[in-house]
Amino acid sequence: MKNILLIGGTGFLGGAIARRLAKADFRLTLPTRRRERAKHLTMLPTASVVEANVHDEATLACLMAGQDLVISLVGMLKGNFQRGHAELPGKIARAARATGVPRLIHISALAAAGDAPSNYLRSKAAGEAAVKAAYPEATIFQPSVIFGQGDSFLTLFAGLLAIAPVVPLACPDARFQPVWVEDVVSAVLASLDHPESRGQTYPLCGPHEYTLKELVAYTGKLSGHPRTILGLPLALSYLQAFMMEFVPGGPMTRDNVRSMQVPNVCPAGCTLPFGLTATALEAVAPGYLAAG
Ligand SMILES: NC(=O)c1ccc[n+]([C@@H]2O[C@H](COP(=O)([O-])OP(=O)(O)OC[C@H]3O[C@@H](n4cnc5c(N)ncnc54)[C@H](OP(=O)(O)O)[C@@H]3O)[C@@H](O)[C@H]2O)c1
């Protein structure tokens with residue numbers, strides 16, 4: 001049985017990876033800031049959920065000992081991007097190198113670039129650079145927005161559509177190529193059987209492109225709340241996001257608006273690596289969004 005450390009493994013994507021790895025009998029360690037929040041994963045027979053401060057280098061070194069693979073997944077849509085997206089991946093990569101962990105996988109984001117318009121995308125690019133500097137053979141994945149049961153994208157819109165008769169939508173023309181969470185998991189796991197994936201970076205996308213407005217309209221149709229969607233021009237998109245920054249747990253920030261100025265789509269014909277076939281949104285979303 002192999003030992004795998006998933007840092008940031010208690011969230012939406014990490015949980016899906018953990019469930020698949022646990023089924024395959026891998027021994028998993030899942031650090032979290034609050035064990036209470038990761039209760040759903042303590043049920044996995046081979047998983048150990050531990051409270052730990054992964055920003056602390058001594059703690060990281062302890063967590064790495066004896067691991068055969070480390071998957072780095074920490075991410076956030078608001079908060080301290082420099083610390084969580086840029087510095088932490090560097091610390092993880094250096095600790096993995098220093099403790100002799102033979103394999104490192106890092107989850108970044110599609111469109112991450114040093115000259116991107118948002119702090120989110122620039123910090124993701126800085127994280128990639130820090131990983132490559134310390135651990136050049138790391139495999140990096142850059143997913144577009146990820147959908148699936150428990151996502152924080154379509155599910156969030158479904159919640160808003162249930163209560164709002166009219167939806168004023170920021171960045172209605174923003175482009176996405178959503179990828180199914182299980183396809184992302186498959187790509188991550190397949191990379192382990194593809195030694196040529198060491199040192200490579202793979203964008204991950206679903207088979208089709210959509211505008212944000214199309215995705216929200218589709219969510220409304222599926223969830224039984226088809227609403228009028230009023231696309232906001234850019235200035236009003238920023239204003240709406242600015243106001244939402246004052247709402248605890250608000251769904252949008254101005255930095256999110258800046259991220260959406262860059263198409264979140266893969267190069268034509270390139271969706272998943274390793275011969276995997278991308279699953280269509282329409283094949284999955286009705287299963288978790290359809291009005292019950
Ligand atoms: N979901 C998407 O659509 C999407 C698209 C592109 C890229 N990605 C990337 O994929 C990765 C996983 O995303 P996700 O959707 O699974 O995220 P998620 O559900 O929000 O989970 C985030 C994970 O990061 C940890 N975390 C968050 N802030 C932290 C901090 N300040 N210090 C330490 N740990 C922290 C959380 O651990 P706790 O247990 O401590 O809360 C949790 O395990 C991220 O890197 C994200 O940027 C996601």
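First listed ligand is number 1; within each ligand, the first listed atom is number 1. Everything numeric in this text was worked out from a predicted model, so none of it was measured. Reckoned from all heavy atoms, side chains included, excluding hydrogens, waters and symmetry mates.
- Remark: minimum distance from atom 37 (O) of ligand 1 to any protein heavy atom is reached at Thr10 OG1, 3.2 Å.
- Ligand 1 places these atoms under 4.0 Å from at least one heavy atom of His55: 30 (C), 31 (N), 32 (N), 33 (C).
- Contact detail for Ala170 and Met252: the closest heavy-atom pair is CB-CE, 3.9 Å.
- In this structure, a donor-acceptor pair under 3.5 Å is absent between the side chains of Ser197 and Ser191.
- For atom 6 (C) of ligand 1, the closest non-hydrogen atom on the protein side is Pro143 O, 3.3 Å.
- Remark: aromatic rings of Phe141 and His106 are distant, center separation not under 6.0 Å.
- Nearest protein neighbour of atom 3 (O) of ligand 1, counting heavy atoms only, is Ile146 N, 2.8 Å.
- Interface atoms of ligand 1 facing Gly9, defined by a heavy-atom separation under 4.0 Å, are 43 (O).
- Closest protein heavy atom to atom 20 (O) of ligand 1: Gly75 O, 4.2 Å.
- Taking a distance limit of 4.0 Å, we find that atom 39 (O) of ligand 1 is approached by some protein heavy atom.
- For atom 12 (C) of ligand 1, the closest non-hydrogen atom on the protein side is Leu73 O, 3.4 Å.
- For atom 28 (N) of ligand 1, the candidate residues are Glu36, Arg33, Glu51; the nearest heavy-atom contact is made by Arg33.
- Within ligand 1, the atoms closer than 4.0 Å to a non-hydrogen atom of Lys124 are 44 (C), 45 (O), 46 (C), 47 (O), numbered from 1 in the order shown.
- Considering backbone and side-chain atoms together, Leu13 places an N or O closer than 3.5 Å to an N or O of ligand 1.
- Checked against the 2.5 Å cut-off, the SG-SG distance between Cys205 and Cys266 falls under it.
- With Phe153 as the partner, the ring-ring contact (aromatic ring centres under 6.0 Å, His included) test is satisfied by one option alone out of Tyr210, Tyr218, Trp180, Phe176: Phe176.
- Side-chain contact, Gln200 with Thr139: no donor N or O sits under 3.5 Å from an acceptor N or O.
- When only modelled atom types and interatomic distance are considered, Thr155 and Asp151 share a side-chain donor-acceptor pair under 3.5 Å.
- Close contacts of ligand 1 with Val145, meaning ligand atoms under 4.0 Å from a residue heavy atom, involve 3 (O).
- If you check the side chains of Thr253 and Asn256, you find a donor sitting under 3.5 Å from an acceptor.
- Proximity to Thr32 (heavy-atom distance under 4.0 Å) selects the following atoms of ligand 1: 38 (P), 39 (O), 40 (O).
- Looking only at protein heavy atoms, the nearest one to atom 19 (O) of ligand 1 is Phe12 N, 2.8 Å.
- Scanning all protein heavy atoms for the shortest distance to atom 23 (C) of ligand 1 gives Gly8 O, 3.6 Å.
- Counting heavy atoms closer than 4.0 Å to ligand 1, residue Ser144 contributes backbone atoms (N, CA, C, O) but none from C-beta onward.
- Only the side chain of Tyr120 comes within 4.0 Å of ligand 1, counting heavy atoms alone; its backbone N, CA, C and O stay farther away.
- Ring pair Phe147/Tyr288: centre-to-centre distance not below 6.0 Å.
- With hydrogens and angles disregarded, a donor-acceptor distance shorter than 3.5 Å links the side chain of Asp68 to the backbone of Asn3.
- Across all non-hydrogen atoms, the minimal contact from Ala283 to Thr279 is CB-CG2, 4.2 Å.
- Against a heavy-atom cut-off of under 4.0 Å, Arg37 is close to the following atoms of ligand 1: 41 (O).
- Judged by the 6.0 Å and 45° rule, Arg97 forms a cation-pi pair with Tyr135.
- Taking atom 9 (C) of ligand 1 as the reference point, the nearest protein heavy-atom neighbour is Ser108 O, 3.7 Å.
- Below 4.0 Å from some heavy atom of Ile107 lie the following atoms of ligand 1, by number and element: 9 (C), 10 (O), 11 (C), 45 (O).
- Heavy-atom contacts of Met76 reach the following atoms of ligand 1: 28 (N), 31 (N) (cutoff under 4.0 Å).
- For Arg20 and Ser186, the side-chain atoms include at least one donor-acceptor pair closer than 3.5 Å.
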